[in-house]
Novice: 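I'd like to ask you about the structure that follows.
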Amino acid sequence: MLPLVMKKTPSGIAPLIQVDRRAREPLHRQIYNAYRAAIVERALRPKQQVPSTRTLASELGVSRIPVLNAYAQLLAEGYFEARVGAGTVVSSMLPDEVRSPQHAQASTSSRRCAAPVPPNSISLPSMGNILPWLGPRLGAFSPGQPAFDQFPFKVWSRLVARHSRNLRPPSMHYGSPMGSNGLREAVAGYLRTARGVRCEAEQIMIVSGSQQALEITARVLLEPGNSVWMEEPGYRFARALFNLQGCQIVPVPVDREGLNVSAGIKRCKNARAALVTPSHQYPLGVTMSASRRLQLLEWSHRSGSWIIEDDYDSEYRYESMPIASLQGLDRGSQVVYIGTFSKVLFPSLRLAYLVIPRDLIERFLAVRFTFDIAPPNFFQSVVADFIREGHFSRHIRRMRLLYRDRRSALLNGLRAQLDIPIDVTGEQAGLHLSIKLPRDFCDHEISERASRQRIWLAPLSSYYRKRPSQQGFILGFSNTPAEDMPRAVRKLRDVIHPR
Ligand SMILES: Cc1ncc(COP(=O)(O)O)c(C=O)c1O
C-alpha cells in the first residue's frame, strides 16, 4: 500500500504583530492594520507567503475569527491574493499607493538618522530609484552587461558540480589572503600572455571585484588629503571611493589620445596617484596613445606617483589585436594593475585581481587581511579550472565575434536612424561606445524619458565632475542581440528631442 501523503499548504513566517485585547480597536482591525503597514513599508514583499489563519491565530493567542476577518478584508482590498494549493500570499499587483518605492522611502526616511555621507559619494540603496539607468537593469544600452544568455552554462555547471562533490575539509577553512594558488597561477599566465602584464603568480591578489581592488589600493597607497588624478569624464564608482578616503580629486581632461598628461602636470604636478583606463577609457572609450603612455610613466617615475591601471574590458577589441597593458611598459614598478572577471564571465561572480608591485605585497596583504581575511575558496577553484581547461579563452573568442556583430548593428542603426549630428567614440573595443550630443540636448531629461520605455541610457554628463559637461550617452551593446538593435535604436531616436 502506498503511504498516504498529506499535501501541506505552505505557510509563511508570522510577521511581528502585537495585538492588545484591552484596546478599543477590535482585534481583526489591529491585525488588518499591522499587515497593511508592513506591506506599505515593504517589510512584506509581493508574492511573499503569509501564515495560514490557523498558524497566525495560534501565534497571536487569539481565536481564528478575527484573523479570518482581517484576511478577508486584505484579500478584498487587493493586499493579499489566494493561490490554489499555495495558501495566501502578498499580492503581486499591489494598490498604486504601495507600489511606488518613493512612498516606502518617504515613510521611513523621517525616522532614519545616519552618519553623513561625504559629498560626491554614491548612495547605493537609492540609486536605482533616483537614477533609473544606474541600477542593475537588464536591457538595451545598459552598460557593462556581458551577453548573459550566451554564457557557457553547461561547462560551468559541470565544474561547479565537480567542486561541490570534491569539497574537502582543507578548502572549507580560510584560504590564503592572496587567493588560491591555482587561480593566481592561471590569472598570471593569462595576463602575461594576453595582456602583456609583467607578473608572477606571487604578485596576484584575488579580490571581490575591481571595486574592492580599488579600495585596498587606496588604503595602501593614499592618505586623506592626497591628490589623485582622475580622468574627466571618469568612472563614478572610483571617484566615490576616493572621496570616501578623503582624497582630493584632480579632474584631468581626456581627449582622443586618452588622459592629457600635460594638463594633469599643470593642474597638480605632485599628485600621489593617477587612476587610468588606458585600454578603453571609461566612459568615452578612447585608447591611450603610446606617447601618452610613455609620458604618464615618465611623470610617475619623476614625481614618485603611483599609477592605478583599471583594465576592465580590454579582452574585447574588434579591429585589431588587444592592446598590451600600460603595466607591461613600466620598468619601475610604479603601476598597480587591476583586472576583473565581471565582463568576461559575469558581474555577480564578484571576482577580480590585482597585480601588485613586489615591494608592496606585504602592505597589500596586511590591508586585505584586515578587511575580509581571504576571498571565498569555492568559485576561485571553479574559475581556475575554467581557465586551465581552455573554456575561458574559447568563451572570449566566441564573445568577441558576437559583440562585434552587436556593435556593428548599433553603429548601423545610429547612422541610419539618428538625424542629428552625433560624435561616436570608443567603438573599437569593450562592451560599450559613447555618443556625444549637441549642447541643446539634455541627456538627463532624455534618460528619464527613456527609462519610462524601459531603455536605460547612462547620461554622459554625469561622468563629469566639472560643469558645463558634455551631453551624450554611454551605450552598452553586448547584451542586445543584433536583430533587436534596430528596434532599440528606434526607441532611442524617439526619446531624443532638444531641450
Ligand atoms: C571602469 C570600470 N572599472 C571596473 C568595472 C568592474 O567593476 P567590478 O569588477 O567591481 O564589477 C567597471 C564596471 O562597469 C567599470 O566600468
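For this chain, numbers begin at 1 and follow the sequence in order. Because the structure is a prediction, the values reported are computed rather than measured. Atoms within each ligand, like the ligands themselves, are counted from 1 in listed order.
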Novice: Write down, by chain and number, every protein residue that brings a non-hydrogen atom to less than 4.0 Å from an atom of ligand 1.
Specialist: Gly209, Ser210, Gln211, Tyr235, Tyr282, Asp310, Tyr312, Thr340, Ser342, Lys343, Arg350
Novice: Side chains of residues 433-440: which donor-acceptor partners sit under 3.5 Å, not counting sequence neighbours?
Specialist:
| residue | atom | partner | partner atom | Å |
| --- | --- | --- | --- | --- |
| Ser434 | OG | Pro283 | O | 2.6 |
| Arg439 | NH1 | Ser469 | O | 3.0 |

Novice: Looking at Glu200 and Arg192, does any basic side-chain N land under 4.0 Å from a carboxylate oxygen?
Specialist: yes
Novice: Report yes if the distance between the aromatic ring centroids of Phe346 and Phe151 is under 6.0 Å, otherwise no.
Specialist: yes
Novice: For His163, enumerate each residue passing the ring pair (Phe, Tyr, Trp, His ring centres under 6.0 Å) test, keeping only those at least two apart in sequence or located in another chain.
Specialist: none
Novice: Tyr337: which residues meet the ring pair (Phe, Tyr, Trp, His ring centres under 6.0 Å) condition with it, sequence neighbours left out?
Specialist: none
Novice: Got a salt bridge between Asp385 and Arg388, using NZ or NE/NH1/NH2 to carboxylate O under 4.0 Å?
Specialist: yes
